[in-house]
2 protein chains.
Amino acid sequence: MRRPAPPLHRDDPKKEPLVGHVKVTREDWLNVARDILVSDGEAEVKVLTISTRLEVSRSSFYWYFKSHKHLLDALLDEWENWNTRLIREHCELPAPTITAAVCNFFRCFIDPARFDQGLDFAVREWARRDGKVRARIDRADSARLKDIAAMFARFDYSADEADARARILYFQQLGYHALEQTEALEDRMARLPHYLLGFTGRAHTGDECDALNDFARAVLAPPQE
Amino acid sequence: MRRPAPPLHRDDPKKEPLVGHVKVTREDWLNVARDILVSDGEAEVKVLTISTRLEVSRSSFYWYFKSHKHLLDALLDEWENWNTRLIREHCELPAPTITAAVCNFFRCFIDPARFDQGLDFAVREWARRDGKVRARIDRADSARLKDIAAMFARFDYSADEADARARILYFQQLGYHALEQTEALEDRMARLPHYLLGFTGRAHTGDECDALNDFARAVLAPPQE
DNA sequence: ACCTGTCTATACAAAAGTGTCCAATACTGT
DNA sequence: ACAGTATTGGACACTTTTGTATAGACAGGT
């Protein structure tokens with residue numbers, strides 16, 4: 001049914017003879033794919049779009065990646081390894097006080113060369129329509145919370161207290177929206193000690209606006225009785 | 001080039017004769033489309049998907065909507081009218097004090113039957129890859145901020161102070177992520193008075209963790225000098 | 001000069017999605 | 001029951017996108 005392709009000739013003399021043409025690598029495909037993922041979302045990560053931006057033929061893609069799905073998997077691997085490892089490293093930095101340690105944690109997010117917030121949010125959005133991605137997000141969140149809790153535990157907070165403060169810090173960083181999308185995390189937030197609930201934004205029933213007063217105090221101060 | 005379709009017969013006796021078959025309306029198409037928009041994002045709002053869920057033929061769609069694009073436009077109109085009007089109405093509710101008025105504002109978001117946060121975020125995500133949607137989001141944000149500022153102004157805050165507090169309240173409600181996606185709003189946040197910047201999360205450079213202490217005080221208290 | 005492995009281009013196939021046409025069907029009023 | 005209108009289904013055309021087959025181009029070693 002399928003005829004063999006006719007012989008091909010590079011018969012367009014106007015076309016650059018590839019002199020000085022920088023070779024496209026697997027990394028290039030990944031980088032452009034990641035850019036599109038962050039700026040336009042997973043649905044826009046298309047083989048044709050990337051190949052056009054790289055100015056190579058679409059089919060070259062299949063030399064580097066088995067399929068479109070394998071590219072997306074590679075992006076996910078990259079994201080999970082990089083972002084989660086960065087948080088762990090920042091949490092493990094030596095610090096004289098818990099306040100200094102929390103500041104180290106913040107620095108991880110402030111420097112765009114470190115933690116890639118855009119990528120993290122893009123993956124979170126992706127997870128909304130893909131259960132497997134959601135599972136990886138949840139796993140990554142668990143790992144990160146564990147690392148942050150370990151940071152508090154180094155300064156003699158009890159396991160429970162360290163855990164609660166880790167959730168608050170992480171939530172504050174991700175913002176309300178990320179939490180909305182991550183049911184597993186949301187469930188954990190719902191079980192926070194009552195006196196720490198105020199500034200999570202969940203306790204704003206109208207009578208408790210004042211509860212927001214306690215952000216830094218609640219995170220850094222010793223536990224109440 | 002196109003042959004006329006052969007005559008058709010409903011020749012499958014197993015098929016329900018549509019007795020008791022509730023007629024599908026334009027509203028039904030819109031409702032399912034909105035559900036998919038909220039749960040899976042704009043890219044998944046497809047004619048075939050909706051028609052399958054409604055258990056009608058795909059082509060029936062074109063009786064109610066001129067095209068796929070017209071459906072998306074209708075969803076956008078719905079969103080803009082409903083959510084923005086709700087915020088205005090809550091801001092205009094009579095209240096004895098500014099604290100009570102802010103609590104009214106919060107109620108709008110707490111009750112899921114009122115403001116549809118999921119829809120708002122879905123539209124914000126959509127806006128990331130569509131300039132026209134972004135323009136409508138920005139217009140809606142401006143209108144909402146104006147309404148919130150008017151609420152503060154009713155309690156004798158100056159125009160500038162009312163405006164600053166409106167931005168803080170609205171930002172707190174949308175969360176960090178929504179702000180990230182809305183350049184116009186972000187630009188306005190950057191021009192807030194310095195003494196109100198602390199708890200926006202933008203000032204966490206490490207030395208200023210304590211600045212978060214002032215949430216309710218900054219929003220509700222009289223201006224500092 | 002020739003071979004070999006690596007990368008790229010063209011052609012083809014197939015699937016999914018949108019939009020159009022028209023006949024079939026359901027509903028409404030008489 | 002009948003006619004006319006509103007709504008739906010089936011076939012088709014077109015586009016976008018993924019995936020496959022195979023030949024061409026190129027660089028380095030022999």
Side-chain angles (χ1 to χ4, degrees), chain A residues 1-30 32-33 36 40-75 129, chain B residues 1-30 32-33 36-37 40-74 129:
Chain A
M1 192 56 50
R2 181 175 297 171
R3 288 171 303 159
L8 304 174
H9 300 287
R10 181 182 281 274
D11 54 2
D12 185 354
K14 293 187 299 294
K15 202 160 189 174
E16 300 273 341
L18 295 191
V19 171
H21 182 278
V22 179
K23 211 172 66 172
V24 169
T25 66
R26 185 187 152 100
E27 277 303 304
D28 293 326
W29 286 93
L30 274 173
V32 173
I36 296 175
D40 297 343
E42 173 262 345
E44 295 300 311
V45 180
K46 295 165 188 168
V47 178
L48 181 61
T49 312
I50 307 173
S51 70
T52 303
R53 199 180 293 186
L54 287 173
E55 293 180 299
V56 295
S57 160
R58 185 179 63 81
S59 70
S60 302
F61 170 83
Y62 294 95
W63 210 100
Y64 299 101
F65 299 92
K66 203 168 164 187
S67 71
H68 181 237
K69 190 184 169 311
H70 280 72
L71 168 69
L72 297 179
D73 284 345
L75 282 177
R129 33 175 196 284
Chain B
M1 189 61 44
R2 180 176 296 170
R3 288 171 304 157
L8 305 174
H9 301 286
R10 183 182 278 276
D11 53 3
D12 184 354
K14 292 188 299 295
K15 202 158 188 176
E16 300 273 340
L18 295 192
V19 171
H21 182 278
V22 180
K23 210 173 64 171
V24 170
T25 66
R26 185 187 152 101
E27 277 304 302
D28 292 327
W29 285 95
L30 273 173
V32 172
I36 295 175
L37 172 61
D40 297 343
E42 173 263 344
E44 296 300 310
V45 179
K46 295 165 189 166
V47 177
L48 181 62
T49 312
I50 307 172
S51 71
T52 304
R53 196 179 296 186
L54 286 172
E55 294 181 297
V56 295
S57 161
R58 183 178 64 81
S59 69
S60 302
F61 171 83
Y62 295 94
W63 209 95
Y64 298 101
F65 299 93
K66 202 169 166 187
S67 72
H68 182 235
K69 191 182 168 309
H70 279 74
L71 168 69
L72 297 180
D73 284 346
R129 22 172 207 288

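Predicted model, so just to flag it, every value in this text is computed and none were measured.
- OP1 or OP2 of C:dT8 sits under 4.0 Å from a side-chain N or O of A:Tyr64.
- Set against D:dT8, C:dA9, C:dT20, the side chain of B:Tyr62 has C:dT20 as its closest nucleotide.
- Counting heavy atoms from C-beta on, the side chains of A:Asp28 and A:Val56 never come closer than 4.5 Å.
- Here D:dT17 presents its P atom at 14 Å from CZ of A:Phe61, a figure rounded to the nearest Å.
- B:Trp63 places its CH2 atom 19 Å from the P atom of C:dA23, with the value rounded to the nearest Å.
- Ranked by how close their nearest DNA chain D nucleotide is to the 5' end, B:Arg58 and B:Thr25 are led by B:Thr25.
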Just list the side-chain donor-acceptor pairs under 3.5 Å for residues 63-70 of chain A, sequence neighbours left out, or say none.
{"residue": "A:Tyr64", "atom": "OH", "partner": "A:Val24", "partner atom": "O", "Å": "2.7"}
{"residue": "A:Ser67", "atom": "OG", "partner": "A:Lys69", "partner atom": "N", "Å": "3.3"}
{"residue": "A:Ser67", "atom": "OG", "partner": "A:His70", "partner atom": "N", "Å": "3.3"}
{"residue": "A:Ser67", "atom": "OG", "partner": "A:His70", "partner atom": "ND1", "Å": "3.0"}
{"residue": "A:His68", "atom": "NE2", "partner": "A:Val45", "partner atom": "O", "Å": "2.7"}
{"residue": "A:Lys69", "atom": "NZ", "partner": "A:Asp73", "partner atom": "OD2", "Å": "2.9"}

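- Residue B:Ser59 places none of its side-chain N or O atoms closer than 4.0 Å to OP1 or OP2 of C:dT20.
- Among C:dT10, C:dG19, D:dT8, the nucleotide with an atom closest to any side-chain atom of B:His68 is C:dG19.
- B:Leu72 has its side chain within reach of B:Glu42: a pair of non-hydrogen atoms, C-beta onward, lies under 4.5 Å apart.
- Between B:Arg26 atom CZ and D:dA6 atom P the separation is 16 Å, expressed in whole Å.
- Atom pair B:Leu48:CG and C:dT20:C1' shows a separation of 16 Å (rounding to whole Å applied).
- As a whole-Å value, the separation of A:Phe65 CZ from D:dT18 P is 13 Å.
- Look at CD1 on B:Ile50: it is 12 Å from P on C:dG17, rounded to the nearest Å.
- Between B:Glu44 atom CD and C:dT18 atom P the separation is 10 Å, expressed in whole Å.
- Distance A:Lys66 NZ to D:dT18 P: 18 Å, rounded to the nearest Å.
- Under the rule for a side chain to side chain contact (heavy atoms under 4.5 Å, CB included), the partners of B:Arg53 that lie at least two apart in sequence or sit in another chain are B:Val32, B:Asp35, B:Ile36.
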